[in-house]
Amino acid sequence: MIESAYIHIPFCSHICNYCDFAKVLYQKKWIFNYLDALKKEIQLNYQNELLKTIYIGGGTPTALDLEEFKYLLEIISTLNKQKEYEYTIECNVESLTEEKVKSMKQYGVNRISIGVETFHKHHLKIMNRHHTKEQVVEAILLLKKYGFQNINIDFIYALPNETIEEVVSDLCNFLKLDIPHISTYSLMIEPNTPFYLNHIKTIEEELDFSMYEKICRTLKKNGYEHYEISNFAQPGYESKHNLAYWNNAFYYGFGLGASGYIPEIRYTNTRNLTKYCNGEFCFNQEKIDFKTKMENEMILGLRKLEGVNLIQFKQKYGKEMDSIFPIRQLQKEGKLQVHNRYLRIPEEQLYLSNEILMQFIDT
Ligand SMILES: C[S@@+](CC[C@H](N)C(=O)[O-])C[C@H]1O[C@@H](n2cnc3c(N)ncnc32)[C@H](O)[C@@H]1O
Ligand code: SF4
């Protein structure tokens, strides 16, 4: 059963120097064509399921003007929601107006994710981010005024020449905002981004590790649960939408470059805006066989601190986990452990999770 939908809005008012997402510079002439195509894609594929989570991401959904933004919300209102649902929109603070906040409230949005990244002006400038700390504080006050409590902020660390003191200062400032969810990302230099083309290098591995450790320790000390490699939440504020991904659940992906997983197919939409607007939505599809499904269950599930439930795995796949994967060896090496019938990566090994997860592919 499909209970989640991701919707991609690719327009941004400026392009950040590190970004590899499917995005284009906002141009008014594209917007209604794009939204009409999105509406068509949803009408063609959506089977009227009651959804538990909806996530509108980008790009920058709030880069749309008020009329366009309301049209987007109207299109998404055709998706049926369960009684207890989570409906998230990604917002950039420069384009978040009171009218847009009111519209989100009116259409039942109940979770907001904001790209804050850092408060250091010189880093924001190098990243080509256009907001200020004051705008972030104001936006959060505005959201709270309209009853939005469930807010996430995205935080990027390991920026070029960043020091651990700067990371600590960002963390202190974020904590003052009293936000229930923080997603943290170590900067990735993605091919063909301005950072990559300008030969910007990532910081030393050792420093990156120290920053990660510092973030984990500080957020835990301040009441956040570290529930996924990069994600921290106050109790009850875990992202239900992202948990659907990590639980290997089905979800629709609508919009430019969006990915989806529907029984038993993983698909990715085109990143070509002209093609998308002309109704050529899908770029590729892959049938997920039984073995790949089990691998995904592990690779995604082990990102969660709680890990993967051994009993549920057996019920779902009819096989013992250790009859398929090299779990015993990894346990001996201290890279995996069993706790309360869950197989998990010990917290102190999380930084090496990529290496550990590789062991679950093609065994
Ligand atoms: C699609 S973007 C967020 C939405 C919004 N457009 C914004 O930038 O504020 C999702 C998040 O991914 C993270 N991100 C994007 N590119 C990244 C990169 N190259 N390295 C690390 N984190 C990245 C940023 O924290 C960003 O906020
Ligand atoms: S990071 Fe966000 S705002 Fe910046 S270009 Fe990418 S999607 Fe747009």
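Numbers here are sequence positions counted from 1.
Below 30°, between 30° and 60°, or above 60°: for H122 and H120 the angle between ring planes is between 30° and 60°, a tilted geometry. In this structure, F313 and F325 have perpendicular ring planes: the angle between them is above 60°, well past the 30° mark. Y227 and H181 have perpendicular rings, their planes meeting at more than 60° on a 0 to 90° scale where under 30° would count as parallel. F11 and Y26 have perpendicular rings, their planes meeting at more than 60° on a 0 to 90° scale where under 30° would count as parallel.
If you take SG on C172 and CG on L177, they are separated by 11.5 Å, rounding to the nearest 0.5 Å. Put simply, CG on N17 and CG on N128 are 5.0 Å apart, with the number rounded to the nearest 0.5 Å. Of the inter-residue distances, the one linking T60 atom OG1 with I89 atom CD1 reads 12.5 Å to the nearest 0.5 angstrom. Interatomic distance, CD1 of I54 versus CD1 of I7, reported as 6.0 Å (0.5 Å rounding). A distance of 10.0 Å separates NE2 in H241 from CG in L51, rounded to the nearest 0.5 Å.
Around NZ of K220, the count of heavy atoms belonging to other residues, nucleotides or ligands within 6.0 Å does not exceed 12. Environment of CD in E348: crowded, with over 12 heavy atoms of neighbouring residues, nucleotides or ligands closer than 6.0 Å. More than 12 heavy atoms of other shown residues, nucleotides or ligands fall within 6.0 angstrom of atom NZ in K293. Counted within 6.0 Å of OH on Y317, heavy atoms from surrounding residues, nucleotides or ligands total more than 12; the atom is thus considered enclosed. The number of heavy-atom neighbours closer than 6.0 Å to NZ of K28, taken from other residues, nucleotides and ligands shown, is above 12.
Proximity of a side-chain donor or acceptor of K100 to a complementary backbone N or O of T62 within less than 3.5 Å is detected. Judged purely by atom type and a 3.5 angstrom limit, T292 has no side-chain atom pairing as donor or acceptor with the backbone of I288. Without hydrogens or angle criteria, Q106 side chain to S103 main chain gives no donor-acceptor distance under 3.5 Å. Side-chain atoms of N248 never come within 3.5 Å of backbone atoms of L300 as a donor-acceptor pair (strictly under, hydrogens ignored). Within the 3.5 Å criterion, the main-chain N or O of G58 finds no donor-acceptor partner in the side chain of K23. Side chain of Q135 to main chain of T132: a donor-acceptor pair is present (N/O by atom type, distance under 3.5 Å, no hydrogens or angles). Distance alone, capped at 3.5 Å, is enough to place a donor-acceptor pair between the H226 side chain and the E228 backbone.
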inquiry  = Please evaluate residues D170 and E162 with respect to the criterion side chain to side chain contact (heavy atoms under 4.5 Å, CB included), reporting the C-alpha separation (whole Å), side-chain torsions for both, the decisive distance (0.1 Å), and the verdict.
reply    = CA-CA 11 Å; D170 267 343; E162 193 170 31; 4.1 Å; yes
ask   = Hey, mind stepping through E264 and K287 against salt bridge (Lys or Arg N to Asp or Glu O under 4.0 Å) and telling me if it holds?
value = CA-CA 6 Å; E264 300 290 332; K287 176 120 184 50; over 6 Å; no
request  = Go through the steps for L175 and T218 under the test side chain to side chain contact (heavy atoms under 4.5 Å, CB included), then give the verdict.
outcome  = CA-CA 10 Å; L175 288 170; T218 309; 4.1 Å; yes
Salt bridge (Lys or Arg N to Asp or Glu O under 4.0 Å) evaluation trace for E84 with K52 = CA-CA 7 Å; E84 296 280 316; K52 192 153 76 181; over 6 Å; no
Side chain to side chain contact (heavy atoms under 4.5 Å, CB included) between I76 and Y107, worked out = CA-CA 9 Å; I76 303 310; Y107 279 90; over 6 Å; no
key: Trace of the side chain to side chain contact (heavy atoms under 4.5 Å, CB included) decision for N80 with E49   = CA-CA 7 Å; N80 302 317; E49 297 91 341; over 6 Å; no
inquiry  = Checking R266 against E286 for the salt bridge (Lys or Arg N to Asp or Glu O under 4.0 Å) test, could you report, in this order, the C-alpha distance in whole Å, the side-chain angles of both residues, the deciding distance, and whether it holds?
reply    = CA-CA 5 Å; R266 283 196 183 265; E286 184 198 354; over 6 Å; no
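Using a cutoff of 4.0 Å between basic side-chain nitrogens and carboxylate oxygens, E117 and R129 are scored as salt-bridged. Ion pairing of K70 with E74 is absent here, as no side-chain N (NZ or NE/NH1/NH2) approaches a carboxylate O to less than 4.0 Å.
Between the side chains of T193 and D20, no donor-acceptor pair of N or O atoms lies under 3.5 Å. A donor atom on one side chain and an acceptor atom on the other are not found under 3.5 Å apart for Y237 and E225. In this structure, a donor-acceptor pair under 3.5 Å is present between the side chains of Y6 and H8. A donor-acceptor contact under 3.5 angstrom links the side chains of K304 and N247, judged on distance only. Between E41 and Y276, the side chains place a donor N or O and an acceptor N or O closer than 3.5 Å (distance only, hydrogens not considered). Counting only N and O atoms by type, the side chains of S183 and N231 include a donor and acceptor under 3.5 Å apart. Under 3.5 Å, the side chains of Y55 and E86 contain no donor-acceptor pair of N or O atoms. In the model, D36 has a side-chain atom that pairs as donor or acceptor with a side-chain atom of Y71 under 3.5 Å. Checked by atom type, the side-chain pair Y146/E98 shows a donor-acceptor distance below 3.5 Å. When only modelled atom types and interatomic distance are considered, D208 and Y351 share a side-chain donor-acceptor pair under 3.5 Å. A donor-acceptor contact closer than 3.5 angstrom links the side chains of Q337 and R344. No hydrogens or angles considered: nothing links the side chains of Y342 and Q312 as a donor-acceptor pair under 3.5 Å.
Exactly one of V116, L171, L219 qualifies for a side chain to side chain contact (heavy atoms under 4.5 Å, CB included) with F155. That residue is L171.
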